[in-house]
Structures are given as structure tokens and as C-alpha cells.
There are 2 protein chains.
Amino acid sequence: MSRTEPISRRERPSKPPLSRAAIVDAALSIIERDGADKLTMRRLAGELDTGPASLYVYVKNTTELNAQLIDRLLKELDLSWDGVEPWRERLRRVLSDYSALLTSRTELANAALLVWPDGANYLDLIELLVRLLLSGGVSEQTAARSVDLLLQHATASAVEWAGHARQDGQDLADLTATLASADEARHPNLARLGAAVFTDGGHDERGRWAIDTLLDGILARSE
Amino acid sequence: MSRTEPISRRERPSKPPLSRAAIVDAALSIIERDGADKLTMRRLAGELDTGPASLYVYVKNTTELNAQLIDRLLKELDLSWDGVEPWRERLRRVLSDYSALLTSRTELANAALLVWPDGANYLDLIELLVRLLLSGGVSEQTAARSVDLLLQHATASAVEWAGHARQDGQDLADLTATLASADEARHPNLARLGAAVFTDGGHDERGRWAIDTLLDGILARSE
DNA sequence: ACCTGAACACCGTTCAAGT
DNA sequence: ACCTGAACACCGTTCAAGT
């Protein structure tokens with residue numbers, strides 16, 4: 001008999017075999033195409049031409065998948081340092097790169113706060129942060145803790161920004177209205193400062209201010 | 001005919017009328033009884049003996065409900081200041097109270113990062129923070145921005161802690177294993193610091209360190 | 001006007017059964 | 001051994017219809 005493959009009946013001729021890597025790839029392309037909020041186990045299974053149960057052979061649960069995804073995304077970060085660019089500037093740059101990476105992927109940003117995204121690229125990022133801090137004269141113990149604080153800030157900023165951009169019904173107008181209604185007797189300081197509490201300066205400028213403030217605090221710990 | 005109420009047939013004799021306040025109350029009791037992760041629109045409707053559609057007469061969506069809930073929870077915070085307790089200590093205390101309030105309510109902690117929880121109690125909290133900062137000699141502009149940074153840190157810490165306590169399959173052991181596997185050539189600094197990056201010091205001590213670092217940074221901005 | 005049953009369009013995860 | 005159909009146990013939100 002001739003060796004015509006009976007499998008060749010299928011439309012998509014060679015459905016690639018499932019694997020952890022194939023799943024992460026498919027997840028990434030859903031995120032790029034439809035947005036991170038559209039990434040679900042069921043949709044991901046659909047993308048791979050199978051049922052959702054099949055994914056659970058390769059990933060334990062959604063949390064684990066997210067951790068994997070975050071690490072994969074981190075690969076896109078430039079983590080080099082020429083040693084010429086001042087360490088403080090390099091630190092600012094890598095943190096805002098990291099934030100930007102997550103801001104357009106709301107659900108992942110959220111996951112990044114909840115999971116410890118273990119993985120080689122995450123380690124690379126931490127390594128760079130530690131290296132920069134040490135070169136700035138920060139003590140080893142302080143550097144270790146600062147990494148946490150800096151990444152927490154960058155991640156939380158991404159979550160906030162992604163959330164506010166999404167605007168689930170809320171907007172800045174509501175907030176400034178609430179603030180304007182602040183009773184002068186009950187909130188004398190707020191009444192004086194007004195909307196500056198929330199809106200003073202642009203996003204970039206505030207981000208830069210925050211990182212500089214963090215760094216000043218960190219440097220103060222190292223004397 | 002006698003004026004026997006036909007309504008008295010019902011088991012729970014007087015189902016309270018729906019209202020925004022009643023909904024928030026019911027939501028709070030679900031959170032207290034079953035945990036914040038069990039709070040859903042459908043369950044909430046069940047608690048109030050009605051269908052989920054009825055809730056949408058009083059709240060726009062889940063996000064709005066969460067904002068409401070956070071403000072209500074904030075009412076439980078002690079926001080007084082005798083002016084005798086050093087401002088820095090008072091600030092530390094209110095921030096860790098706020099964190100603790102959210103840590104046991106995972107989903108709300110998450111929401112607190114995403115929504116601007118407008119409401120009277122939130123304003124009270126901000127007012128206290130501004131007041132403490134100003135009394136510490138911080139400039140008005142710096143105080144306004146610092147409030148953001150301090151609350152972001154406290155909220156993000158609550159989210160992280162709640163998440164790690166939940167342990168969706170991940171645990172510290174995984175992470176320290178990853179860290180131990182850090183290639184010495186690729187991650188010389190990490191290899192030297194080891195697990196200290198993640199585990200040095202207890203939760204409370206690290207929290208205190210972070211707030212002090214933040215405050216030192218803030219004070220450095222004000223000279 | 002105020003409320004809601006029922007439907008729409010989804011979820012994550014498990015498990016028994018198939019190859 | 002590896003994979004998956006089908007089911008379990010849910011979601012948030014809308015809308016046409018009822019009182």
C-alpha cells in the first residue's frame with residue numbers, strides 16, 4: 001500500500017506538538033494580538049487547536065504560566081551596561097524600561113506583583129540592579145533590600161498606570177471633584193494643596209521623581 | 001377583609017430593601033465570613049436574596065463596588081495624632097495599619113492599586129499623611145508627591161504579602177533554588193549575595209526598613 | 001419607576017476515558 | 001504514557017419583561 005499519511009486530511013497540515021515552549025509562544029502571540037486581558041487558558045488552548053485540559057500537562061496553573069510569561073518578556077529588556085553611563089542614569093533607564101514593558105500588559109503587571117517570577121532573565125535583571133547599586137557605593141545588605149523596593153515600585157507603577165489607562169468607569173475628573181469637595185475644616189491641608197496631590201507633574205516626570213527619591217533614601221542608608 | 005399581609009408568607013419575614021449601603025454591608029460581611037476572594041456579584045446577590053441583576057441598579061460595576069468597599073474599610077483605621085508621638089513613628093504606624101487592613105483582603109488590596117478609592121475616609125488618610133509630612137519639614141510639593149509614593153508602597157506590600165501567603169503553587173523554596181542555581185559567571189553579584197536578596201530579615205523588619213528608606217529619600221528632597 | 005429571571009458570553013480546573 | 005471531551009462549578013453584565 002502507498003504511504004500516504006492519513007493525517008494529511010487535516011486543514012492545518014502539521015499541528016505542532018504541544019510543549020511548554022509552544023504554549024508560552026502561543027500565549028505571547030495572543031497578548032501581542034489581542035491584549036493581555038484576552039489571554040485565558042481556554043483561548044490559549046483554542047490557539048493551539050486543542051482543549052483546555054491539554055495545557056495542564058505542561059503548566060501547573062495560570063499563576064505558573066504568568067511567571068513563565070513574565071520571564072520571557074524580560075528577555076526583551078536591554079540589560080547591558082557599558083560602565084560609562086552614570087550608574088544612576090542607567091538604573092533609571094532600566095527601571096522605566098521594565099515598567100513600560102509591563103504597562104501595556106495589565107494582567108501580567110498584576111501577576112508580576114503576586115508571583116516571584118523566577119527565571120534566568122529575572123535573575124539577569126536583578127544582577128544588573130545589584131551591580132549598579134554596588135557601583136554607586138551602596139552596601140551589600142542595602143543593595144539586596146533595595147532591589148526589592150525598586151522593583152516593587154516599578155511593578156506597582158505599571159499596574160497603576162495600566163489600570164488608570166483602562167478606566168473602568170473611573171476617571172481623574174471624579175477624583176478631582178472629590179478632592180474639591182474636601183471640607184476645609186476636616187481636611188485643611190488637602191484643601192490647600194488641592195489637586196496637586198494627584199496631578200502635579202506629568203507621568204514621566206513623576207516617575208523620575210519617585211525613582212530619584214527612592215535612590216536618595218537608599219544612599220542615605222549606606223553611610 | 002382582614003389586613004393580614006400576604007407578604008408574610010415569606011420565610012425571612014422582612015427582607016430589607018436594597019440600597020447602596022445595604023449592598024456594601026452585605027459585601028463586608030461576606031468578606032469577613034468567607035474571605036475577600038469569595039466576594040462576587042452573584043454571591044453578593046444571593047446574600048441579599050435577589051438576582052445579580054438587581055445590584056446593577058445601585059453599583060455600576062465591580063470596580064466601583066471595590067472602591068466603595070475600600071473606603072468603608074478605611075473607616076476602621078485610627079487616623080488621630082496627638083502631636084506628641086514623633087511624626088515619623090506615627091507615619092510608620094499608620095502605613096503599617098493600612099497595609100495590615102488590606103493584607104487579609106487580597107482582592108481588595110489589588111483593587112486598591114487599580115482604583116482611586118475616592119471617599120471621605122480616603123481623604124482623611126491622605127490628610128493625616130500630608131499633615132505628618134509637613135510637620136516633619138517636608139515642602140508642600142514634596143508632601144503631595146510623597147503621599148502617592150508612600151501609599152503605593154503600602155498597597156503594593158499588602159498585595160505581595162497577601163499573594164505570597166496564598167501560595168498559588170509557588171513557594172520560597174522554589175525561589176531560593178533558582179537563586180542557588182545562579183550561574184557564577186553570569187550572576188557574580190547574585191551568587192555572592194545569595195538568598196539575602198529575598199529573605200534577609202523578617203517581614204516586619206523589612207517593612208520598617210522600606211518605610212524609613214522612603215522617608216529618608218523624601219527628606220532629602222526637601223532641603 | 002423599580003426590580004429581576006433568564007440569557008449571553010465567558011471563566012479555571014479536573015477526571016474518566018480514549019489512543 | 002500521553003492526551004483530551006466533557007463536565008463541574010463557577011464568573012460579570014445586560015436586557016426584555018414583569019410588578
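Every chain is numbered from 1 and lettered A, B, ... according to where its sequence line falls, protein lines coming before strand lines.
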inquiry  = Determine whether a donor-acceptor pair (N or O, by modelled atom type, separation under 3.5 Å) exists between the side chain of Arg72(B) and the backbone of Val24(B).
reply    = no
key: Asp49(B) CG - dT4(C) P separation (whole Å)   = 10 Å
message = Work out how far the P atom of dT13(C) is from that of dA17(C), and round it to whole angstrom.
response = 23 Å
inquiry  = Return a single string for nucleotides 13-19 of chain D, one symbol per nucleotide in 5' to 3' order, where B is base contact, S is sugar-phosphate-only contact and - is none, cutoff 4.0 angstrom on heavy atoms.
reply    = BBB----
Nearest-angstrom distance from the residue atom CG of Leu44(A) to C1' of dC10(C) = 16 Å
message = Just the rounded figure in Å: distance from P of dG12(D) to CG of Leu65(B).
response = 10 Å
message = Do Asp78(B) and Val94(B) make a side-chain contact, defined as non-hydrogen atoms from C-beta onward lying under 4.5 Å apart?
response = no
Interatomic distance, Arg43(B) CZ vs dC10(D) C1' [rounded to whole Å] = 9 Å
ask   = Please give, in whole Å, the distance from dC11(D) P to Asp37(B) CG?
value = 11 Å
Side-chain ion pair, Glu47(B) and Arg42(B), N-O less than 4.0 Å = no
ask   = Any ion pair linking Asp124(A) and Lys75(A) (charged N to carboxylate O, less than 4.0 Å)?
value = no
query = If we take the P atom in both dA9(C) and dC8(D), what is their distance in whole Å?
reply = 23 Å
message = Check whether Asp71(B) reaches the backbone of Tyr122(B) with its side chain - one donor and one acceptor, N or O, closer than 3.5 Å.
response = yes
Atom pair distance, as rounded to whole Å: CG in Leu55(B) and C1' in dC2(C) = 14 Å
query = Please give, in whole Å, the distance from dC3(D) P to Leu48(A) CG?
reply = 12 Å
task = Runs of at least three consecutive Watson-Crick or G-U pairs, both distances under 3.5 Å, are what I'm after; which ones involve DNA chain D?
result = C:4-8 with D:12-16, C:12-16 with D:4-8
ask   = dC2(C) P sits how many Å from Arg20(B) CZ, rounded?
value = 15 Å
message = With a 4.5 Å cut-off on side-chain heavy atoms, are Trp161(B) and Ser104(B) touching?
response = no
remark   = Taken in chain and number order and not counting sequence neighbours, the residues that satisfy side-chain contact (heavy atoms from CB on, under 4.5 Å) with Ser19(B) are Ala21(B), Ala22(B)
query = Does Arg90(B) reach the main-chain N or O of Ser80(B) with its side chain, forming a donor-acceptor pair under 3.5 Å?
reply = yes
query = Between Arg92(B) and Asp212(B), is the closest basic N to carboxylate O distance under 4.0 Å?
reply = yes
